[in-house]
Amino acid sequence: MSDSEPAEIVSTDPITGELLWRGAPARRDEIDAAVAAARHESRSWRRVPLDDRIAIVRGFAEQVAARREAFARLIARETGKPYWEALTEADSVRAKVEISITAQAERAGRRESETAGVRAVLRHRPHGVLTVLGPYNFPAHLPNGHIVPALLAGNVVIFKPSEKAPATGLFMASLWHAAGLPPHALSVLNGDGETGKALVGHDGVDGVLFTGGVTAGQAIHHALADQPHKIVALELGGNAPLVVTEPADPEAAAHLIVQSAYISAGQRCSCARRLIVPEGAFGDSVIAALLAVVDRIRVDEPFADPPPFMSALVDNAAADAILAGQDRMIAAGAVALRRSERIAASKPLLTPGLLDVTNQSDREDREYFGPLLQLVRVADFDAALAEANATRFGLSAGLIGGGEEDYARFQDEIRAGVVNWNRPTTGAASSAPFGGVGVSGNHRPSAYYAADYCAYPVASLEADAARFRIETGLTA
């Protein structure tokens with residue numbers, strides 16, 4: 001691909017170091033061949049009746065159910081997440097099927113009405129060849145959230161998994177093909193950013209569906225600035241605020257905070273990154289309760305017994321980035337209430353970190369993708385709202401405590417696409433869209449609304465015969 005392209009992609013278990021997959025990144029000629037094969041397949045796949053496409057998609061769900069444990073074990077081994085959580089990811093992959101079938105019918109189906117013998121018909125057509133670029137934190141569930149609705153709509157997909165989770169991507173594709181999906185309706189190309197860049201800009205690709213970091217998303221947006229004919233859907237992470245106010249129960253609040261900030265070792269784009277708590281006795285009680293729960297969090301290997309709440313980050317580079325960010329904040333004036341630390345020198349197992357950054361100078365508005373929560377103390381609810389909105393991100397936000405009037409104001413003023421009350425910031429309904437504003441996305445939310453960007457509407461006025469006559473403006 002280029003001089004900077006690695007000689008091979010290598011995926012290893014972050015705990016044991018065991019090799020899971022290795023292979024050369026896709027060459028330019030392989031990318032060209034995959035796109036050409038996909039374009040050829042798209043001409044037939046789009047004409048497969050919807051009921052037949054649904055049958056294949058449901059067959060995929062059956063394959064996922066049949067291989068659930070093997071699927072989850074691979075996810076846990078490749079990402080380092082706890083096995084119990086990997087099982088929930090496999091379940092989410094299966095559940096996405098029926099949700100997407102319902103969304104396809106509701107948001108991208110056929111509509112027809114008739115007035116005076118003229119039919120107004122709305123149909124939806126597939127774009128053609130879509131590239132799906134997957135992340136490593138949910139290497140199956142998140143790309144699958146693009147793949148299922150794309151295939152249902154009649155598109156074909158070229159999937160590039162994260163270079164940190166290639167084995168999971170290949171395993172998931174094998175389940176699709178076992179369900180009867182034509183080989184070139186979903187093809188997998190492994191590689192790193194250069195491979196993704198080549199796919200994004202390829203003339204034979206009709207759109208790009210990406211979940212990942214802001215820097216990569218901005219690069220995609222920039223690369224396609226002069227190609228408005230390509231559909232682009234971006235979900236780019238967040239710097240989520242979680243506001244706690246009276247009369248919240250401190251202990252209940254502490255458990256919600258932990259679930260919001262430290263689930264998946266903080267490797268969810270909707271994780272709370274900034275905890276905003278009032279000054280005074282109530283805020284002190286919340287922090288005391290939170291520290292008590294944090295100190296009980298079990299961090300251990302993915303298959304440990306008893307199961308851990310948190311396990312590894314995806315690799316040591318990710319762990320190093322969190323520890324380096326923590327050091328920068330402390331050097332700038334943050335106070336470590338609990339430092340994030342490695343529990344084994346050679347493994348990316350980190351304890352949860354909590355830093356009071358209230359008096360830190362030059363706070364960075366960035367996504368620390370790991371178990372590192374920043375605490376900010378404020379004078380009142382007005383200051384809490386201002387602090388919550390002091391970010392260029394806008395994916396998720398949460399309020400713990402307050403009454404209905406407080407939540408109504410929070411809901412009205414907060415800039416985020418997912419806004420929760422007395423629930424973790426990481427919670428989202430499968431029957432709802434998922435996406436944000438600011439640099440968290442490009443106003444094309446995924447989840448239930450993925451059907452919107454996987455097909456385009458065609459509006460028609462139709463009559464069985466030409467009976468139209470111009471009544472005015474003609475000479476006799």
Side-chain angles (χ1 to χ4, degrees), residues 75-76 79-82 84-93 95-96 99 135-142 144-145 211-213 235-244 248 252-276 290 293-294 297 299 307-314 318 322 350 352-354 367-375 388 391 393-401 407 410-411 414-437 440-441 445-448:
I75 293 169
T79 66
K81 66 176 59 178
W84 65 262
E85 187 179 351
L87 285 168
T88 68
E89 180 168 358
D91 292 340
S92 296
V93 169
K96 179 60 67 176
I99 293 166
Y136 64 77
N137 59 329
F138 286 89
H141 171 53
L142 290 178
N144 186 64
T211 302
E235 195 271 279
L236 305 178
N239 187 12
L242 182 58
V243 175
V244 184
H255 284 270
L256 285 169
I257 294 164
V258 165
Q259 180 73 16
S260 297
Y262 302 121
I263 188 71
S264 306
Q267 293 179 118
R268 294 191 186 188
C269 53
S270 54
C271 276
R273 309 294 178 196
R274 295 175 294 136
L275 175 63
I276 302 166
L290 174 59
V293 178
V294 166
I297 290 176
V299 183
F309 179 78
M310 275 173 45
S311 193
L313 278 72
V314 70
I322 292 299
L350 298 183
L354 177 62
E367 182 179 39
Y368 286 99
F369 209 62
L372 188 59
L373 179 62
Q374 301 169 65
L375 169 67
T391 177
F393 294 88
L395 180 60
S396 62
L399 174 67
I400 300 175
Y407 179 61
F410 187 82
Q411 174 70 240
I414 202 72
R415 293 192 301 273
V418 178
V419 181
N420 292 345
W421 185 26
N422 291 322
R423 298 296 298 165
T425 60
T426 50
S430 60
S431 58
F434 185 86
V437 295
S440 290
S446 60
Y448 200 75

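Note that the numbering runs from 1 along the sequence shown for the chain.
- Between the CD1 atom of Ile75 and the NE2 atom of His141 there is a distance of 10.5 Å, given to the nearest 0.5 Å.
- Partners of Thr211 according to the side chain to side chain donor-acceptor pair (under 3.5 Å) rule, which considers only residues two or more places apart in sequence or in another chain, are His146.
- A donor-acceptor contact shorter than 3.5 Å links the side chain of Arg273 to the backbone of Tyr368.
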TODO: Tell me, with the steps shown, if Val258 and Phe309 meet side-chain contact (heavy atoms from CB on, under 4.5 Å).
DONE: CA-CA 10 Å; Val258 165; Phe309 179 78; 3.9 Å; yes

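- Within the 4.5 Å cutoff, the side chain of Tyr136 has heavy atoms near those of the Gln267 side chain.
- Closest approach of Leu395 to Gly238, counting heavy atoms only: CB-CA, 4.3 Å.
- Residues satisfying the salt bridge (charged side-chain N to carboxylate O under 4.0 Å, His left out) test with Arg415, not counting sequence neighbours, are none.
- Atom CG of Asn239 sits about 8.5 Å away from atom OG of Ser440, to the nearest 0.5 Å.
- Residues Val243 and Ile400 are not in side-chain contact: their nearest non-hydrogen atoms beyond the backbone lie 4.5 Å or more apart.
- For Glu235 (side chain) and Gly212 (main-chain N/O), no donor-acceptor pair under 3.5 Å exists by modelled atom type.
- Val314 and Ala318 make their closest contact through CG1-CB, 4.0 Å (heavy atoms, listed as atom of the first residue, atom of the second, distance).
- The backbone N or O of Ala272 sits nowhere less than 3.5 Å from a side-chain atom of Ser260 that would complete a donor-acceptor pair.
- Residues Ile297 and Met310 have side chains in contact (heavy-atom distance under 4.5 Å, counting atoms from C-beta outward).
- Annotation for Leu236 and Gly213: closest pair CD2-O, 3.7 Å, computed over non-hydrogen atoms.
- Using bins of under 30°, 30° to 60° and over 60° for the plane-to-plane angle, the ring pair Tyr407/Trp421 lands in the parallel bin.
- Tyr262 places a side-chain N or O within 3.5 Å of a backbone atom of Gly353 that can act as its donor or acceptor partner.
- In this structure, OG on Ser311 lies 9.0 Å from CD on Glu85, to the nearest 0.5 angstrom.
- Cys271 contributes atom SG, which lies 9.0 Å from atom CD of Gln259 (distance to the nearest 0.5 angstrom).
- Cys269 places a side-chain heavy atom less than 4.5 Å from the side chain of Phe434.
- Contact between Ser264 and Phe138 at its shortest, heavy atoms only, is OG-CZ, 4.1 Å.
- Once rounded to the nearest 0.5 Å, the distance linking CD of Glu89 with CG of Asp91 reads 10.0 Å.
- Distance check, rounded to the nearest 0.5 Å: CG of Leu290 to CD1 of Ile257 gives 5.0 Å.
- Judged by distance alone, the side chain of Lys81 and the main-chain N or O of Asn137 form a donor-acceptor pair under 3.5 Å.
- Contact detail for Val244 and Ala248: the closest heavy-atom pair is CG1-CB, 4.3 Å.
- Across all non-hydrogen atoms, the minimal contact from Ala397 to Ile414 is CB-CG1, 3.8 Å.
- Formation of a donor-acceptor pair under 3.5 Å by the Thr425 side chain with backbone atoms of Ser270 is found in this model.
- Two residues are said to be in side-chain contact when any heavy atoms from C-beta on lie closer than 4.5 Å; Leu354 and Val294 fail this criterion.
- Side-chain atoms of Trp84 come within 3.5 Å of backbone N or O of Pro308 as a donor-acceptor pair.
- With Asn420 contributing its side chain and Gly427 its backbone, the two residues share a donor-acceptor pair below 3.5 Å.
- Judged purely by atom type and a 3.5 angstrom limit, Arg274 has no side-chain atom pairing as donor or acceptor with the backbone of Leu375.
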